Visitor: 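Let me begin by handing over the structure; questions about it come next.
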Amino acid sequence: ELVGEAENVGEEDRERLAAFAEALSAYRSGQWEKALGLFEELSKRFPGDGPVRTYLERSRAYSANPPEGEWDGVWVMLTK
């Protein structure tokens, strides 16, 4: 997500991006519960953040029904 030129990004945005990176790392490594908690916290602080909402929904889905075998990182949509 484009936020702005590095020298013009405020402290709140830097904190949000760092928290998102931590949550995304947990998600990508298959730590669904950790990712879910981190994305829930981000969602409370930044309710209008679209990527946070997307990964929050995906983390919920994988927490409830983890992918079988070794996960390749691909999100498969099951409904339209």
Side-chain angles (χ1 to χ4, degrees):
E1 170 180 11
L2 294 175
V3 178
E5 294 178 349
E7 61 272 7
N8 296 326
V9 175
E11 188 61 31
E12 183 178 56
D13 282 330
R14 289 181 190 277
E15 290 175 12
R16 179 175 58 91
L17 294 171
F20 184 86
E22 180 184 4
L24 186 59
S25 177
Y27 174 88
R28 287 182 173 161
S29 65
Q31 298 174 337
W32 313 119
E33 292 298 320
K34 180 178 180 180
L36 179 59
L38 293 169
F39 283 120
E40 283 176 340
E41 189 60 38
L42 275 165
S43 178
K44 290 175 190 172
R45 290 181 58 204
F46 308 100
D49 190 307
V52 168
R53 282 193 312 263
T54 296
Y55 281 99
L56 176 59
E57 291 172 13
R58 291 178 181 184
S59 295
R60 280 186 184 135
Y62 281 143
S63 285
N65 189 18
E68 293 181 18
E70 190 172 331
W71 184 56
D72 60 6
V74 175
W75 171 256
V76 179
M77 293 184 68
L78 301 175
T79 60
K80 188 172 180 182

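Bear in mind that the values here come from a model prediction, so they are computed numbers and not experimental data.
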Visitor: Rounded to the nearest 0.5 Å, how far apart are NZ of Lys34 and CZ of Phe39?
Guide: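 Lys34 NZ to Phe39 CZ: 11.5 Å, rounded to 0.5 Å.
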Visitor: Sequence neighbours excluded, which residues qualify as ring pair (Phe, Tyr, Trp, His ring centres under 6.0 Å) partners of Trp71?
Guide: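 In terms of ring pair (Phe, Tyr, Trp, His ring centres under 6.0 Å), with neighbours along the sequence ignored, Trp71 is linked to Tyr27, Trp32, Tyr62.
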Visitor: When rounded to the nearest 0.5 angstrom, what distance separates CD in Glu15 from CZ in Phe46?
Guide: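 Rounded to the nearest 0.5 Å, the CD-CZ separation comes to 7.5 Å.
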Visitor: Return the minimal non-hydrogen interatomic distance between Arg14 and Val9, and the atom names on each side.
Guide: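 Scanning both residues completely, I find the closest heavy atoms to be NE-O, 3.3 Å.
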Visitor: For Glu33, enumerate each residue passing the side-chain hydrogen bond (donor to acceptor under 3.5 Å, both in side chains) test, keeping only those at least two apart in sequence or located in another chain.
Guide: Ser63
Visitor: Is the number of heavy atoms from other residues, nucleotides or ligands under 6.0 Å of Glu68 CD greater than 12?
Guide: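 Result for CD/Glu68: open.
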Visitor: CZ of Arg28: more than 12 outside heavy atoms within 6.0 angstrom?
Guide: no
Visitor: Looking at Ser25 and Ala21, would you say the former's side chain and the latter's main chain have a donor-acceptor pair under 3.5 Å?
Guide: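 Pair absent, no side-chain N/O of Ser25 close to backbone of Ala21.
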Visitor: Could you tell me the separation between the CG atom of Leu42 and the CZ atom of Arg45, rounded to the nearest 0.5 Å?
Guide: 6.5 Å
Visitor: Which residue, Arg58, Gln31, Arg60, forms the side-chain contact (heavy atoms from CB on, under 4.5 Å) with Leu36?
Guide: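 The residue from Arg58, Gln31, Arg60 that satisfies side-chain contact (heavy atoms from CB on, under 4.5 Å) with Leu36 turns out to be Arg60.
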Visitor: Identify the heavy atoms of Ala23 and Ala35 that sit nearest to each other, and give their distance.
Guide: O-CB, 3.9 Å
Visitor: Within this structure, what is the OG-CG distance for the pair Ser29 and Leu24, rounded to the nearest 0.5 Å?
Guide: 9.5 Å
